[in-house]
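Since the structure is predicted, the reported quantities are computational estimates derived from the model, not experimental observations. So you know, we letter chains A, B, ... as the sequences are listed, proteins then strands, and number each from 1.
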There are 2 protein chains.
Amino acid sequence: MARSEDGGEKKPLERLGVREIAKRVGVAPMTVSRVLSNPDMVAPATRAKVLEAIEAAGFVPNRLASSMKGNGRMIGTVVPPLINSGIAEQVQGMSDECQQGGYSMLLVQGEFTTEAEEASIRTLLGWRPAGMILQSFVQSEVARQLLVSSGAPVVEISEIKGRQPIDMVVGVSNFETAYAMTMHLVAKGYKRIGFVSTPIHGNDRLQQRRTGYHAALSELGIENHASMEVEVPITAAGGAEALATLTERHADIDAIFFSSDTLAIGAVQECHRRGWAIPDRIGIAGYGDMDLAAQLYPPLTTVKVNRYEMGRRAVRQLLDRLGGKQKLATITSLGFEIVDRESA
Amino acid sequence: MARSEDGGEKKPLERLGVREIAKRVGVAPMTVSRVLSNPDMVAPATRAKVLEAIEAAGFVPNRLASSMKGNGRMIGTVVPPLINSGIAEQVQGMSDECQQGGYSMLLVQGEFTTEAEEASIRTLLGWRPAGMILQSFVQSEVARQLLVSSGAPVVEISEIKGRQPIDMVVGVSNFETAYAMTMHLVAKGYKRIGFVSTPIHGNDRLQQRRTGYHAALSELGIENHASMEVEVPITAAGGAEALATLTERHADIDAIFFSSDTLAIGAVQECHRRGWAIPDRIGIAGYGDMDLAAQLYPPLTTVKVNRYEMGRRAVRQLLDRLGGKQKLATITSLGFEIVDRESA
DNA sequence: TCAAGCTATTATACTATTATAAGTGTCAAG
DNA sequence: CTTGACACTTATAATAGTATAATAGCTTGA
């Protein structure tokens with residue numbers, strides 16, 4: 001084993017760890033460990049010496065090892081692509097709250113397919129996270145089983161009603177939001193309202209939005225054709241394309257409800273290009289109230305959902321549970337607002 | 001220790017691990033381990049039995065334990081706030097490449113302050129990541145020292161020239177990009193060009209962009225006042241505000257170069273509100289070529305930097321190094337394009 | 001027929017931290 | 001002068017996977 005003759009017996013460069021720090025200070029490793037996690041249990045004088053040595057050595061305790069003893073301080077999360085989706089706000093919320101609570105965030109981007117979901121969850125569970133945050137309800141039964149048997153608390157950021165959550169849910173009623181926006185548009189005098197969303201398959205949030213839109217229309221006795229709905233990719237170009245498609249199919253459409261601000265903003269640009277007056281020629285409504293929505297010309301009427309707060313709350317739920325808090329809400333419903341601006 | 005009388009001696013529920021799987025199959029733990037990491041070293045028959053047992057038990061190997069033996073498969077990264085910054089694209093690139101390489105991504109959001117940076121890096125190093133990706137050059141000397149002594153390869157996604165990198169750099173010459181855009185604007189006939197950026201302090205990329213802008217102007221003998229530059233927060237409202245401020249200070253400003261598309265897009269909306277024709281009344285140029293830029297009305301002239309690719313390349317560098325590849329580039333410079341559209 | 005050569009497998013020990021239990025020492029009360 | 005209580009510290013073992021060396025079993029060639 002290359003016992004190089006450097007005179008001594010065993011000096012493999014002495015990796016920096018609690019052991020090495022302990023040796024330098026002249027205490028037991030356990031004492032060093034306590035200085036890091038339970039400083040009050042160590043005599044002030046000892047503590048000072050240990051801290052000094054830690055500082056001097058530039059020692060950063062190995063969290064892998066402590067996690068193995070069940071003190072994991074890592075939250076795992078699977079999110080859809082960050083670009084344009086408004087998920088970035090949520091991730092920021094999660095990250096901020098994690099950091100505040102002393103946790104690290106392990107992030108995996110995954111598609112909404114069953115296999116990808118399963119693979120992502122498997123990867124994360126491999127790190128034995130203290131908690132997991134998932135988007136939308138988990139589809140794969142295998143993945144659900146893995147999550148349950150992992151024992152970690154799980155928050156699904158999702159539609160708040162529908163399937164049985166694995167553990168906890170944080171979200172809004174997407175049905176309600178879409179229902180409310182559709183009602184709002186009708187109240188403003190629109191009669192032929194189109195609906196545009198990003199691919200709905202496997203995304204219960206989008207499904208609920210569409211259902212809410214349908215519910216409002218049918219409740220008001222407004223007939224609705226499937227041809228007044230389109231799915232497009234989540235890009236500004238997608239929004240523009242949807243506007244073109246719908247108004248070509250139905251020249252009398254007087255408003256379009258987009259399931260995402262990104263799409264709505266794209267549509268607004270397309271209207272400018274065509275010289276169509278908003279909202280006179282056509283009303284445009286979005287979803288999400290992203291930063292640009294209020295600054296847009298004309299300002300965008302949209303559904304405001306506090307995604308940053310959603311992220312925070314999801315982590316908070318996890319940390320509360322980990323902290324042993326009793327009587328935790330299983331379902332946390334955040335409110336929403338219909339922000340009535342000028343685009344519809 | 002609550003040795004509950006269940007007849008047997010020690011059956012603490014037998015946590016699921018290689019040991020337990022091994023016992024069930026009737027092989028040594030090491031064999032199970034090899035099935036997972038070096039399947040070729042195990043006889044096909046044995047391998048099949050082990051895989052079956054793993055499947056049946058829903059066993060997910062503990063990566064914490066394997067990481068402790070130096071097989072860490074985690075990349076740590078510190079990023080600025082994701083919202084509006086175009087960092088989301090980069091994170092997506094990193095994430096995709098990590099996943100492809102079988103690595104997980106540990107993400108910390110941190111501000112650009114020295115203390116926050118140091119804290120974030122410390123946190124990440126605690127997880128003993130196989131590699132680190134940082135934004136901009138690391139300011140804190142202590143943090144640099146920690147990184148170096150951690151032994152992990154480090155990529156700084158940053159301005160590619162300037163300070164000595166800790167290890168490797170991936171990026172573009174922000175100086176060049178800004179210089180090129182400024183030259184481009186002058187070539188198009190603009191004479192009084194303002195410059196707007198988000199807070200520059202501590203961000204060498206922004207510093208370089210401003211320097212490039214200065215260099216181009218002075219090379220052309222165009223005088224430039226500090227009053228033609230503003231710093232605003234990275235929001236659409238910030239862009240609108242900057243436009244208002246600059247045109248109020250200097251009524252004769254005929255173009256503004258924004259250090260971010262988000263700002264430029266906000267400014268374009270402000271122009272619409274004021275009824276100012278773009279580019280006739282004023283030219284607007286952005287930076288980043290975000291998705292919306294091409295769809296904007298009018299389409300945004302901007303600097304195209306492939307942020308997604310930057311993220312990928314950063315991870316690639318790390319993985320190449322970890323894979324033992326020799327002669328790795330220390331500096332990877334990605335190209336850029338001046339995308340000439342109609343806003344300027 | 002025995003040693004060498006090979007493959008497949010196993011036993012041991014190690015990674016860094018920490019829960020737990022056991023062990024010091026000091027002080028005050030009995 | 002002992003006993004108990006208390007504050008602090010240490011020794012041991014455990015977490016789960018895997019590098020390493022050792023071993024078993026088999027074939028092959030001399």
Side-chain angles (χ1 to χ4, degrees), chain A residues 1-3 10-50 54 57 59-74 125-130 150-151, chain B residues 1-3 10-50 54 57 59-74 125-130 150-151:
Chain A
M1 208 197 251
R3 194 173 292 178
K10 34 163 179 198
K11 269 241 170 180
L13 247 170
E14 213 61 84
R15 264 177 217 303
L16 212 46
V18 284
R19 282 177 165 79
E20 175 61 15
I21 299 291
K23 198 190 294 178
R24 293 188 192 176
V25 181
V27 294
M30 193 59 225
T31 302
V32 176
S33 172
R34 266 199 275 264
V35 167
L36 293 163
S37 45
N38 283 70
D40 295 340
M41 292 176 69
V42 180
T46 317
R47 185 167 50 204
K49 275 192 295 178
V50 170
I54 287 175
F59 166 60
V60 179
N62 186 331
R63 283 166 175 273
L64 296 171
S66 35
S67 295
M68 287 193 57
K69 293 295 282 186
N71 297 25
R73 296 201 158 280
M74 190 152 66
L125 288 178
W127 293 103
R128 300 294 185 268
S150 80
Chain B
M1 209 200 250
R3 195 173 290 177
K10 37 173 176 193
K11 269 239 168 181
L13 245 169
E14 213 60 83
R15 263 180 217 301
L16 213 45
V18 283
R19 284 176 166 80
E20 173 62 14
I21 298 291
K23 196 189 296 178
R24 293 188 191 178
V25 180
V27 296
M30 193 58 224
T31 302
V32 176
S33 171
R34 265 198 278 263
V35 167
L36 293 163
S37 44
N38 283 70
D40 294 340
M41 294 177 68
V42 179
T46 317
R47 186 168 48 203
K49 276 192 294 177
V50 170
I54 287 174
F59 167 60
V60 180
N62 187 332
R63 283 167 175 273
L64 296 171
S66 38
S67 295
M68 287 192 57
K69 288 296 274 191
N71 297 26
R73 295 201 159 279
M74 190 154 65
L125 289 177
W127 294 102
R128 299 296 185 267
S150 80

Check: Are the side chains of B:D40 and B:R47 in touch, meaning some heavy atoms are under 4.5 Å apart?
Finding: yes
Notebook entry, point to check: Should B:N38 and B:V42 count as side-chain neighbours, where that means a heavy-atom distance under 4.5 Å?
Noted result: no
Note to self: Is it the case that D:dG17 (base atoms only) and B:R63 (side chain only) share a donor and an acceptor within less than 3.5 Å, ignoring hydrogens and angles?
What the structure shows: no
Next item on the list: Grab the CG-P distance between A:L64 and D:dA14 for me, whole Å please.
Entry: 22 Å
Check: How long is the line joining NZ of B:K49 and C1' of C:dT9, in whole Å?
Finding: 12 Å
Next item on the list: Using heavy atoms and a sub-4.0 Å distance, could you list which residues of residues 66-73 of chain B are near DNA chain D? By number, please.
Entry: B:S66, B:K69, B:N71
Notebook entry, point to check: Looking at A:A22 and A:A28, what are the two nearest heavy atoms and their distance?
Noted result: CB-C, 3.7 Å
Next item on the list: Measure the distance from CG on B:D40 to C1' on C:dT9 and round it to the nearest whole Å.
Entry: 16 Å
Checklist line | Given C:dA16, D:dT10, D:dC8, the nucleotide with the shortest approach to the side chain of A:T46 | finding: D:dC8
Next item on the list: Check whether any side-chain heavy atom of B:I21 lies under 4.5 Å from a side-chain heavy atom of B:V35, and answer yes or no.
Entry: no
Notebook entry, point to check: Considering residues at least two apart in sequence or located in another chain, which fulfil the side-chain contact (heavy atoms from CB on, under 4.5 Å) criterion with B:R19?
Noted result: B:P29
Notebook entry, point to check: To the nearest angstrom, how far is B:N62 atom CG from C:dT15 atom P?
Noted result: 18 Å
Donor-acceptor pairs are to be reported for all side-chain atoms of residues 67-74 of chain B against protein atoms at under 3.5 Å, with residues two or more places apart or in another chain.
residue : atom : partner : partner atom : Å
B:S67   : OG   : B:R63   : O            : 2.7
B:R73   : NH1  : B:Y103  : OH           : 3.2

Next item on the list: Starting at atom CE of B:M41, determine the distance to atom C1' of C:dT10, rounded to an integer number of angstrom.
Entry: 12 Å
Note to self: Using a 4.0 Å cut-off on heavy atoms, which residues in residues 28-38 of chain A reach DNA chain D? List them by number, or say none.
What the structure shows: A:A28, A:M30, A:T31, A:R34
Next item on the list: Evaluate the side-chain proximity of A:T46 to A:T31: yes if any heavy-atom separation is below 4.5 Å, no if none is.
Entry: yes
Checklist line | Whole-Å gap separating C1' (D:dT9) and NZ (A:K23) | finding: 19 Å
Next item on the list: Work out which heavy atom in A:L64 is nearest to a heavy atom in A:W127; give both atom names and the distance.
Entry: CD2-CZ3, 4.3 Å
Check: To the nearest angstrom, how far is B:R19 atom CZ from D:dG17 atom P?
Finding: 8 Å
